[in-house]
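Since the structure comes first, as structure tokens, the remarks are kept for the end.
Note on naming: letters A, B, ... go to the chains in the order of the sequence lines (proteins, then strands), and numbering restarts at 1 for each one.
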There are 2 protein chains.
Amino acid sequence: MKRGLSLTSDSPIRVGVAGLGRAFVLTLPSFKADPRVTLVACAAPRQDSRDTFVQEFGGTAYATVEELCADPAVEAIYIATPHQMHRAHAEAALRAGKHVLVDKPLCVSMADALAIAETAEKTGRHVIVGPSHSFDLPVLKTLELIESGAYGRVRMIHALNFTDFLYRPRRPEELVTDEGGGVVFSQGVHQVDIVRLLGGGMAASLRASTGQWDADRPTECAYAAHMTFEGGAFASLTYSGFAHFDSNEYCGWSGELGHTVDPRNYGAARRALMGMDDPSAEVRLKAERTFGSSSALPWPSENEHFGPVIVSCDHADLRLTPLGIWVYGHTNKEFIKVPVGPVPRRGVFDALWAAVRENMAAVQDARWGAASLEVCHGILTSAREGREITFEHQVPVRR
Amino acid sequence: MKRGLSLTSDSPIRVGVAGLGRAFVLTLPSFKADPRVTLVACAAPRQDSRDTFVQEFGGTAYATVEELCADPAVEAIYIATPHQMHRAHAEAALRAGKHVLVDKPLCVSMADALAIAETAEKTGRHVIVGPSHSFDLPVLKTLELIESGAYGRVRMIHALNFTDFLYRPRRPEELVTDEGGGVVFSQGVHQVDIVRLLGGGMAASLRASTGQWDADRPTECAYAAHMTFEGGAFASLTYSGFAHFDSNEYCGWSGELGHTVDPRNYGAARRALMGMDDPSAEVRLKAERTFGSSSALPWPSENEHFGPVIVSCDHADLRLTPLGIWVYGHTNKEFIKVPVGPVPRRGVFDALWAAVRENMAAVQDARWGAASLEVCHGILTSAREGREITFEHQVPVRR
């Protein structure tokens, strides 16, 4: 089951999972493959998901996150519940002495985000906000290239992503912005994470517009944002989840999860929803994508990505691709390969291992997650009020 | 010489050219090929350019634009002199009763732009600001598709271009922003023209940042801008002329002028300047690209373009390519071919013909050019003052 990953020997981190929905399904191949983690417990409201979990992994299955947090066998809890529940679940875990891996976004409201960060600091436990595409290996490699100093200062970042996000099966609340629905919280936060990571973290100002173009799905389906950083760098972030153009075409037809995308499947997301005239049918379709119902994800052949990203530095443009980084220098270009894996989402578990076993905080800790969330709120506020936003909770890249 | 273009018969427009520099070289293939125009006179300060002109086209060569304007054989004057001279030359032409085709940007200062527009209105002569990439046939076809109403409203526009502009040979003033140098006036105005044309013309607000990343070439080499339109659409515009990544890669390796780009020539622009330690050497290199010195441009195999542009509408994303428009609808995508030519820059001469022979004003008239220039100044001002800009001189697409 566990593919080889050479590590200084230590016992795998005993992880309990809160929530066996789509987020868990997307990270499951990594849990199965990475020798540094072992699934020992879960919490899920549905009996059949719990049964499947125990069948597959053994361990203990609880009906509530509170019970999971009380399990002494658990060292760290992966919070993969809906966004609105993240604060309650993260604080329960931290107070029970567990480390926390909380799926992005950290939560929905800034008050919740700051509360989680304070609780983490009080309890001395680690919080890692992930998986997020800021853990993708080409992103981390780009950060390493930037930090080497070889390319001078980061000057401009361009990030673009066109997907079918709005037309993937949704529960009703996923289409309500105030409950964390729409593209800004679920998708924008990936892009903000990546851009902040490569730009140094300290967003200074933002001007954005958002789009709500489908009255039947009344939440943000797209945005464009202009962001400045302290120190003078700036960034352009554009996202559309409106299921028309697919920017995987700019990534060699490699999809977000590192799987080959077949352009002949054009329109599949919208087609799957057609003829569904009540929300419950869509909820059932969504349920088919959760743990125990969905088929296993294929093993990725390339690194995960979140659309084309170009980082313009003094001495080179660095262009991220699923297979590595194009470095466009003054007179030469070179391609720096970024090998896949050896396990998917390796960057997330590198960070989890460093935190839990080596007491090294991740860059993407609770304060980081709060800062990225602040930018997401900035996108919404700037669009709603038609003005530029400045920030108060930004943190630099610390590592 | 003149390739076939079927037209209702009328005599070709008798054009006089003011300035035989690089701009003229880039439009020369069109003048030679389009049966609707004939070159009858020129004005240029250099004797050898004038001699070459007369050798090649006959007609009359003048040392000054004022003399050219007095030539009764001339119906329209193509102003291809440096930007700072556009107002004087345009007003001289208009007052002499000539129509004016003035290379973009219309001029450098807003005062000059508004003065040209007023003079055009007083004299009743037409001004067309072009060539500009807003005349590229895929852009005009996209406008036609939008105006058909088949795709609903324009919601979001994304425009991107990464070139080697800053490292093409330059006269010193082309590296001084106040004299119209840098990427914003010479290149940004193309992008602004395209985005305004497809977004309806009425820019409402803008927030931008610019980059000056090479102390030896102290003018803007890049910018990113967030623009809103009246009515709610918004746009993201990004440009780098810093000669690293080449976004022709996103356009099937077709270059700005419709010629195939060989990616193996990476770094050519910067390499050509290396070892030049005084500006005069670069000025000589620039002179080699002007009329009489440069070799003829090859015939374009695809349409000209200004980088990838994606227009998101209610019912489809329209993606412009040098060969046509990708239309990404709800469940199907289709490619609408845009045939090349039959002559290069056909759109410009379509507009010139309509203006001079049919008295139909171009969309890209002096007021339009002033409005695009206002956005360019907005980019510079927003970047310099770190604030959002609103506009006073915008005009809608009128046709």
#### Entry: Heavy-atom proximity to chain A below 4.5 Å, by part of N332(B)
backbone
### Summary
If one checks every heavy atom of A208(B) against chain A at 4.5 Å, the contacting part turns out to be backbone
### Message
Applying a heavy-atom distance below 4.5 Å, give me the residues of residues 183-192 of chain B that approach chain A, sorted by number.
### Response
none
### Message
What residues of residues 224-232 of chain B make heavy-atom contacts with chain A at a cutoff under 4.5 angstrom?
### Response
A224(B), A225(B), H226(B), T228(B)
## Note on the structure
Most heavy-atom pairs under 4.5 Å with chain B, out of R271(A), H330(A), K333(A), belong to H330(A)
Using every non-hydrogen atom in the two residues, find where [X] and [Y] come nearest and quote the distance to one decimal.
X	Y	answer
T331(A)	M274(B)	CG2-CE, 3.3 Å
M156(B)	Y223(A)	SD-O, 3.9 Å
D314(B)	F242(A)	O-CE2, 3.2 Å

### Query
Is C313(A) close to W213(B) at the side-chain level, that is, under 4.5 Å between some pair of heavy atoms?
no
### Task
For the pair R319(B) (side chain) and F245(A) (backbone), establish whether a donor and an acceptor sit closer than 3.5 Å, ignoring hydrogens and angles.
no
### Message
Donor-acceptor check, side chain of Y266(B) to backbone of G329(A), threshold 3.5 angstrom: yes or no?
### Response
yes
### Message
Any donor-acceptor pair under 3.5 Å linking the side-chain atoms of S236(A) with those of S236(B)?
### Response
yes
### Query
How far does OG of S240(A) sit from CD1 of I310(B), to the nearest 0.5 angstrom?
9.0 Å
### Task
Would you give the length of the straight line joining atom CD1 of I157(B) to atom OG1 of T238(A), rounded to the nearest 0.5 angstrom?
12.0 Å
Of the backbone (N, CA, C, O) and the side chain (C-beta and beyond), which part of [X] lies under 4.5 Å from a heavy atom of chain B, both, or neither?
X	result
L160(A)	side chain
H158(A)	side chain
T210(A)	backbone

### Query
When the ring planes of Y250(A) and Y250(B) are compared, do they come out parallel, tilted or perpendicular, using 30° and 60° as the limits?
parallel
### Message
As a test of understanding, state which of W326(A), Y151(A), Y328(A) forms a side-chain contact (heavy atoms from CB on, under 4.5 Å) with H244(B).
### Response
Y328(A)
### Message
Check this for me: E385(A), atom CD, are more than 12 non-hydrogen atoms of other residues, nucleotides or ligands nearer than 6.0 Å?
### Response
yes
### Query
Can you tell which of S209(B), G386(B), G267(B) has the highest number of heavy-atom pairs within less than 4.5 Å of chain A?
S209(B)
### Task
Using a strict cut-off of less than 4.0 Å between a Lys/Arg side-chain nitrogen and an Asp/Glu carboxylate oxygen, indicate whether R207(A) and E388(B) qualify as a salt bridge.
yes
